[in-house]
Amino acid sequence: MARLIISADGPEKFDVWKNAFAQVAPDLTVCSWYAPETKSEPADYVLVWTPEKDHYPALSGVKAIICTGAGVDHLLRAPEFPHHVPLVRMGGTQTAQLMADYVTWAAISLLRQARTWAIQQADGTWANNCIARTTAETRIAIMGLGHLGSSVATHLARVGFQVSGWKRSASVLPGVQVYAGQDALPDFLKTADILVNLLPSTPQTCGLVTYDFLTNLPKGAGFINVGRGDHVMQPDLIKALDDGVLSGAVLDVVTPEPLPVTSALWAHPKITVTPHVASEASPVMQADYVAQVIKSMERGETPALLCDPQKGY
Ligand code: NDP
């Protein structure tokens, strides 16, 4: 019987996880990292988000480390992280559907400039700002066409947007124009009335979104960041919005998180901030995914969302 130790979300969340696993995988032995008796027996698998330093030595002997996030940049950057242990990212259908729903909401918010309605409502102003532009007339471009990006792209195409995507390796995705590699980036950016960032944070992608980068977009484009805050040079983003290079931005991820109350992003009239909530599946759905990963590894299979330490995602 496989034994899973959970440290994700601290001791206070353990009962929620335990109940979730009891529903979807009653055969799995589930223990809290924080229970004193847990440390006397080794784990087969661990479920983590941001382990504390003293947690890392116990991770080096397990069959896999499973992360409650799809982004694992914070783990790979930790000096103590045991890179020889398989690291599996969060997945599952609800995670992908939530991301597709969020990006659809954000894209339509930008298309209709919904931020101006929120500002008008806050001070009781009734001003007509009808925008006569449909999804079918809008090109949306997704940076990062991996597990989440592909699902988002397919969903947006179904909604009616004209969709393109950018990734490292060439591939085919029905209904989506795919651009691959660094050389294709300028042509890809030209297709973006709305640009979505769904890249992982790696040394190659960190700081990618600068003022100059944004000037490659059609003037007045919208920007959605659901990747990581460190992809974006924040002062450059604000300048691009103030100069009209961009018409609006929806930011689910920022640096730092939580965003300090003093940040200029909060009150900017062209920015909508959400607190890193785009895609967090329910504990039961996450537990179901984790249980499937463990079952497949116990059968000797390789999980689909295994992180490649060489690539950094
Ligand atoms: P994947 O690893 O499945 O996909 C990453 C994609 O990015 C791949 O298509 C990859 O290309 C592409 N890519 C990576 N590096 C480059 C590069 N240098 N140039 C061009 N393309 C590149 O990740 P997921 O889709 O599962 O997740 C993506 C990110 O979304 C996570 O890393 C995380 O940061 C963020 N996220 C945010 C959440 C939120 O709530 N805001 C929730 C979940 C995730 P290729 O396919 O060729 O390898």
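Nothing fancy with the numbering, it's 1 onward along the sequence. Atoms within a ligand are numbered from 1 in the order they appear, just like the ligands themselves.
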Which ligand 1 atoms are under 4.0 Å away from a heavy-atom of [X]?
| X | result |
| --- | --- |
| Val253 | 41 (N) |
| Leu145 | 6 (C), 9 (O) |
| His276 | 39 (C), 40 (O), 41 (N) |
| Gly146 | 3 (O), 4 (O), 6 (C), 8 (C), 9 (O), 25 (O) |
| Gly71 | 31 (C), 32 (O), 33 (C) |

- Task: Between Asn225, Leu148, Leu198, flag the one that comes closest to atom 28 (C) of ligand 1 by a heavy atom.
- Result: Leu198
- Aromatic centroids of Trp105 and Tyr102 separated by under 6.0 Å: yes
- Task: Return yes or no for this condition: an N or O of Thr205 is under 3.5 Å from an N or O of ligand 1.
- Result: no
Check this for me, if you would: do [X] and [Y] make a salt bridge, where the nitrogen-to-carboxylate-oxygen distance has to be below 4.0 angstrom?
| X | Y | answer |
| --- | --- | --- |
| Asp193 | Arg139 | yes |
| Asp15 | Lys18 | no |
| Glu298 | Lys63 | yes |

- Is there a heavy atom of Thr202 sitting under 4.0 angstrom from any atom of ligand 1? no
- Has Met99 got any heavy atom lying under 4.0 angstrom from an atom of ligand 1? yes
To which protein heavy atom is [atom] closest, and what is the distance rounded to 0.1 Å?
| atom | answer |
| --- | --- |
| atom 40 (O) of ligand 1 | Ser279 N, 3.3 Å |
| atom 41 (N) of ligand 1 | Asp252 OD2, 2.9 Å |
| atom 3 (O) of ligand 1 | His147 N, 2.8 Å |
| atom 2 (O) of ligand 1 | Tyr313 CD1, 3.2 Å |
| atom 34 (O) of ligand 1 | Gly227 O, 3.2 Å |
| atom 5 (C) of ligand 1 | Pro200 CD, 3.6 Å |
| atom 1 (P) of ligand 1 | Arg89 NH2, 3.4 Å |
| atom 17 (C) of ligand 1 | Arg168 CG, 3.4 Å |

- Exceeds 12 heavy-atom contacts within 6.0 angstrom, atom CD of Gln310: no
- Is the number of heavy atoms from other residues, nucleotides or ligands under 6.0 Å of Gln292 CD greater than 12? yes
- Parallel, tilted or perpendicular: which describes the rings of Phe21 and Trp17, with under 30° parallel and over 60° perpendicular? tilted
- Does the side chain of His276 come under 3.5 Å of the side chain of Asp252 through a donor N or O and an acceptor N or O? no
- Do Ser201 and Arg77 have a side chain donor and acceptor closer than 3.5 Å? yes
- Query: When you look for heavy atoms under 4.0 Å from ligand 1, do you find them on the side chain of Val72, its backbone, both, or neither?
  - Reply: neither
- Item | Leu28 vs Tyr45 side-chain heavy atoms within contact, under 4.5 Å | no
- Message: Is there a side-chain contact between Ile238 and Leu265 in this structure, where contact means two heavy atoms from C-beta onward sitting under 4.5 Å apart?
- Response: yes
